[in-house]
Amino acid sequence: MPNPLATRQDALTPAVFRELAELPAEAEWLANLRNGRTRRAYRQDVLDFCRFAGVASPETMRSVTRPHVIAWRTHLAQRNLSGATIRRKLSALSSLFDHLCECNVAADNPVRGVQRPPVDANEGKTPALSDAQARLLLDAPPADTRKGQRDRAILATLLYHGLRREELCRLRIQDIQSREGVIHLRVRGKRGKMRFIPASPHALRLIDVYLDAAGHGTDPAAPLFQPLHRNRDPAAGRALDPQSVYENVVRHYGAKTGLNELVGGLCVHALRATAATNALQHDADIGRVQEWLGHASIATTRLYDRRGTRPEESPTFRVKY
C-alpha cells in the first residue's frame, strides 16, 4: 500500500487530499519522525504497548490512562529489560501522546508523571579500548591490499574523530576541506546537523593511501568509503553500508586481534567511546568534546568521562604495609 505521506513530485489529487486529511494522528506522528532508526524503534515500542494493553484502534489508544502505563512499566520490568530500554519505551509512548494532545485528540498525556527507572550509572556502558588495544586494532588490516588500505583508513577515521558509523558512511570526497589552512572533515550528523572536525594527520595519510589505490579521489561527489566489489566505476560508486562497517571491519579485525573476546560488546560505537574517553583523559575540554561528537546535551558527553574511575589512581595502589 503506498504511503500517502511520501514525497510526491506532482500536485495532490482530490482523492489523495482526502486521504491525507483523514490520516490518523498516530500515523502522522510516526511519519514526522525524521530519523529512520528512531522511527522503527518508536513504532515497535508503541506496538509493544498496544499488544499489552489490547489497543486495537486509535479510539482505544486515546482512552489510555496512567494506570495502564504503570502496569506496562511493571510488565517491562518483569521481562528483565534494562532500565535504559524501559525509559526509551516510555519516551516513545510519551512522544506519541504529546502529539495527540497537540492535535486535540487526547485530553492529556498519561505517561507524564509515571516514574522512569533510574539511570543505571553515571558512566556509559559502551566499552572503550585502552591505548594499546586501539593501536592493535589500527595495525590489524594488512597494509599491502586494497581492502586492508581501506579498512586502515576507516578505523583511523573512527578512532581519531569519534564519528558515528552513519556519519562515516555519508562522507564524500568533497567533505575533506581546507578551512583557515587546516584540513577538516565536514560531517553530517543527526537531524542533518553539520559540523566541521579538524582532520587527524595520521588518518589523512591513510586516507590518501587508500584513495590512490581505489581511484575515486578526484571526484568530489564520490562517497569516500566504498564497497570493494560491484562498483564498476569507483567515481560513481555507492557508499559503504553502516552494517558492513560493523561486521566486515570492526568485528572482523576484532576477531583477528582477539579484542572481541577481551572487550565485551566491541562495536563501532566502542570506537567512538574510545576517541571521546581518550580526548578527555588527555585534558580536552568537555564542552569542546561535546561539539566534536555532535551531542545535543553535555550530559551525554559526560557518560564518556571516565577520568574519575581510572584504576591506576585508586587508593588501592596507595596502600603500603
Would you call Arg170 and Asp175 a salt bridge, taking side-chain N to carboxylate O under 4.0 Å as the test?
no

Mark yes or no for whether Thr257, through its side chain, and Tyr253, through its backbone, hold a donor-acceptor pair below 3.5 Å.
yes

Does CD in Glu261 sit with more than 12 non-hydrogen atoms of other residues, nucleotides or ligands closer than 6.0 Å?
yes

Cationic N near anionic O, under 4.0 Å, Arg195 to Glu167:
yes

Checking Thr277 against Thr274: is there a side-chain donor and acceptor pair closer than 3.5 Å?
no

Does His252 have its ring centroid less than 6.0 Å away from the ring centroid of Tyr246?
no

Tell me if the CZ atom of Arg43 is crowded by more than 12 foreign heavy atoms within 6.0 Å.
no

Would a distance-only check, ignoring hydrogens and angles, find a side-chain to backbone donor-acceptor pair under 3.5 Å from His161 to Leu158?
no

Are the side chains of Gln133 and Leu259 in touch, meaning some heavy atoms are under 4.5 Å apart?
yes

Any donor and acceptor pair, going by atom type alone, linking the side chain of His282 with main-chain N or O of Leu280 inside 3.5 Å?
no

Short side-chain to backbone donor-acceptor contact, Arg172 and Ala221, under 3.5 Å:
yes

Side-chain donor-acceptor contacts of residues 96-106 below 3.5 Å, not counting sequence neighbours, with atom names and distances?
from  : atom 1 : to     : atom 2 : distance (Å)
Asp98 : OD1    : Asn109 : ND2    : 2.9
Asp98 : OD1    : Arg112 : NH2    : 2.8
His99 : NE2    : Ala25  : O      : 3.3

Within this structure, what is the CD-NE2 distance for the pair Gln177 and His184, rounded to the nearest 0.5 Å?
9.5 Å

Is Lys147 atom NZ crowded by more than 12 heavy atoms from other residues, nucleotides or ligands, each under 6.0 Å away?
yes

Would Ser91 and Arg116 satisfy side-chain hydrogen bond (donor to acceptor under 3.5 Å, both in side chains), going step by step from the backbone distance to the final call?
CA-CA 9 Å; Ser91 293; Arg116 314 285 174 95; 3.3 Å; yes

Does the structure place the NZ or CZ of Arg146 under 6.0 Å from the centre of the six-membered ring of Tyr210, at an angle of no more than 45° from the ring's axis?
no

If you group Ile, Leu, Val, Met, Phe, Trp and Tyr by side-chain heavy-atom gaps below 4.5 Å, do Leu159 and Ile183 land in one group?
yes

Quick one: side-chain hydrogen bond (donor to acceptor under 3.5 Å, both in side chains) partners of Arg272, sequence neighbours excluded?
His295

May I ask you to say whether Glu26 pairs ionically with Arg62, meaning some side-chain N is under 4.0 Å from a carboxylate O?
yes

Measuring from atom CZ of Arg88 to atom CG of Leu76, what distance do you get when rounded to the nearest 0.5 angstrom?
10.0 Å

